[in-house]
*Asks:* 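I have a structure here, written as structure tokens, and I will follow up with some questions on it.
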Amino acid sequence: MIGRIELALLLGVAGLLVLAVTATALRSARRDRRHGRLLSVDTPAAPGRLLRSERWKLAGRPDAIRVRPDGRSVPIEVKSRPAPRRGPPDSHVAQLWAYCLLLEESTGRAPPYGVLRYGDGREYELPWDEAARSWLWQVRRAVGRPYAGEDRASPGRCSRCVFRSRCDRAVA
């Protein structure tokens, strides 16, 4: 049988847990409201809005789209892993800026920024501006070029490669 002291401690711990969960939820809601009202969320059960650009030959679904009070949309890309120590990798930035471009083309208004949100709660607001457009265009052109076999050999990759015995570039 549980005594009064044990029951009081149990209720106290339960109360603290409820308080902690509520505070976390409120903090998350406040953070999200800062980016505007929710327009779309991409989940397996309910896929979000597919954005397309025939001109850029791109299509994609941001994890979330929020609309700011001024009417501009903001894409939010959620990564389940913790934020990298050195900041977002280029692949994450390219994905987010591609969503910014797709939103701009579909709505006619440029997003002020895009958001990369990591599993540990860190968030990066990356401005969508001329420098971002230029960088994304360079990436898009590089990806569009035919592969010229310019991969550089490395001991680690070559040691695991199934074509090593037939490769003239393999590291010995």
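Bear in mind the structure is a predicted one, so any value in this text is a computation, not a measurement. Values reported hereafter were calculated over all heavy atoms of this structure, with side chains retained and with hydrogens, waters and symmetry mates removed.
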*Asks:* Does any N or O in the side chain of Ser134 come within less than 3.5 Å of the main-chain N or O of Glu130, such that one atom is a donor and the other an acceptor?
*Replies:*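 Side chain of Ser134 to backbone of Glu130: no pair is present.
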
*Asks:* Taking all non-hydrogen atoms of both residues, which atom of Gly114 and which atom of Leu96 are closest, and how far apart?
*Replies:*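 Scanning both residues completely, I find the closest heavy atoms to be C-CD2, 3.4 Å.
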
*Asks:* Any side-chain heavy atom of Leu51 sitting closer than 4.5 Å to one from Leu103?
*Replies:*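 The answer is yes; the side chains approach within 4.5 Å.
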
*Asks:* Check the pair Val74, Ile65 against side-chain contact (heavy atoms from CB on, under 4.5 Å), reporting the backbone distance first and the verdict last.
*Replies:* CA-CA 6 Å; Val74 174; Ile65 301 172; over 6 Å; no

*Asks:* Taking atom types as modelled, find out whether Tyr113 and Arg72 have a side-chain donor-acceptor pair closer than 3.5 angstrom.
*Replies:*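 Not at all, the side chains of Tyr113 and Arg72 share no donor-acceptor pair under 3.5 Å.
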
*Asks:* Is there a side-chain contact (heavy atoms from CB on, under 4.5 Å) between Arg117 and His35 once you walk through the steps?
*Replies:* CA-CA 12 Å; Arg117 183 176 295 157; His35 300 302; 4.1 Å; yes

*Asks:* If you round to the nearest 0.5 Å, how far is CG of Leu136 from CD of Gln138?
*Replies:*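 So the gap between those two atoms works out to 10.0 Å.
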
*Asks:* Taking atom CG as the centre, does Leu11 end up with more than 12 heavy-atom neighbours from other residues, nucleotides or ligands that are less than 6.0 angstrom away?
*Replies:*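 Atom CG in Leu11 is crowded, with more than 12 foreign heavy atoms closer than 6.0 Å.
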
*Asks:* Do any N or O atoms from the side chain of Arg68 and from the backbone of Gly36 form a donor-acceptor pair under 3.5 angstrom?
*Replies:*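 Checking the backbone N and O of Gly36 against the side chain of Arg68, no donor-acceptor pair under 3.5 Å is found.
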
*Asks:* Under the side-chain contact (heavy atoms from CB on, under 4.5 Å) criterion, do Leu39 and Arg49 qualify, and how do the steps go?
*Replies:* CA-CA 9 Å; Leu39 176 67; Arg49 184 173 162 199; 3.9 Å; yes

*Asks:* Is a side-chain donor or acceptor of Arg109 paired with a backbone partner of Asp70 at a separation under 3.5 angstrom?
*Replies:*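 Yes: the side chain of Arg109 pairs with the backbone of Asp70.
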
*Asks:* Between the main-chain N or O of Pro62 and the side-chain N or O of Asp42, is there a donor-acceptor pair closer than 3.5 Å?
*Replies:*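 Flag not set: sc Asp42 to bb Pro62 has no pair under 3.5 Å.
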
*Asks:* What's the shortest heavy-atom distance between Pro88 and Leu116, and which atoms?
*Replies:*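 Smallest heavy-atom distance, with atoms named: CB-CD1, 3.5 Å.
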
*Asks:* Going hydrophobic residue to hydrophobic residue with side-chain gaps under 4.5 angstrom, can you get from Leu9 over to Val18?
*Replies:*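 No, separate clusters.
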
*Asks:* Is the count of non-hydrogen atoms from other residues, nucleotides or ligands lying under 6.0 Å from Arg4 atom CZ greater than 12?
*Replies:*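 At most 12 heavy atoms, drawn from other residues, nucleotides or ligands, come within 6.0 Å of this atom.
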
*Asks:* At their closest point, which heavy atom of Asp120 faces which heavy atom of Ala83, and how far apart are they?
*Replies:*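 It is OD2-N, 3.1 Å.
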
*Asks:* How would you list all residue pairs meeting side-chain hydrogen bond (donor to acceptor under 3.5 Å, both in side chains) that involve residues 89-104, not counting sequence neighbours?
*Replies:*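 Only Glu77-Gln95, Lys79-Gln95, His92-Tyr118, Gln95-Tyr99, Glu104-Trp128, Glu104-Arg133 qualify under side-chain hydrogen bond (donor to acceptor under 3.5 Å, both in side chains).
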
*Asks:* Begin from the C-alpha positions of Trp135 and Val93 and carry the test side-chain contact (heavy atoms from CB on, under 4.5 Å) through to its verdict.
*Replies:* CA-CA 10 Å; Trp135 183 84; Val93 173; 4.0 Å; yes

*Asks:* Say whether Val41 and Ile76 are linked into one hydrophobic cluster, either directly or through other cluster members, by side-chain heavy-atom distances under 4.5 angstrom.
*Replies:*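 No, separate clusters.
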
*Asks:* So which atom in Ser40 and which in Gly48 form the shortest heavy-atom distance, rounded to 0.1 Å?
*Replies:*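 For Ser40 versus Gly48, the nearest heavy atoms are OG-CA, 3.6 Å.
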
*Asks:* Below 3.5 Å, can you tabulate the donor-acceptor pairs from side chains in residues 53-60 to any protein atom, sequence neighbours excluded?
*Replies:*
residue: Ser53; atom: OG; partner: Trp56; partner atom: N; Å: 3.1
residue: Ser53; atom: OG; partner: Glu105; partner atom: OE1; Å: 2.8
residue: Arg55; atom: NE; partner: Glu105; partner atom: OE2; Å: 3.2
residue: Arg55; atom: NH2; partner: Glu105; partner atom: OE2; Å: 2.7
residue: Lys57; atom: NZ; partner: Glu54; partner atom: O; Å: 3.1

*Asks:* Considering non-hydrogen atoms only, spot the tightest contact between Pro112 and Ser73 and give its length.
*Replies:*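 Heavy atoms only, the tightest pair is CD-O, 4.1 Å.
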
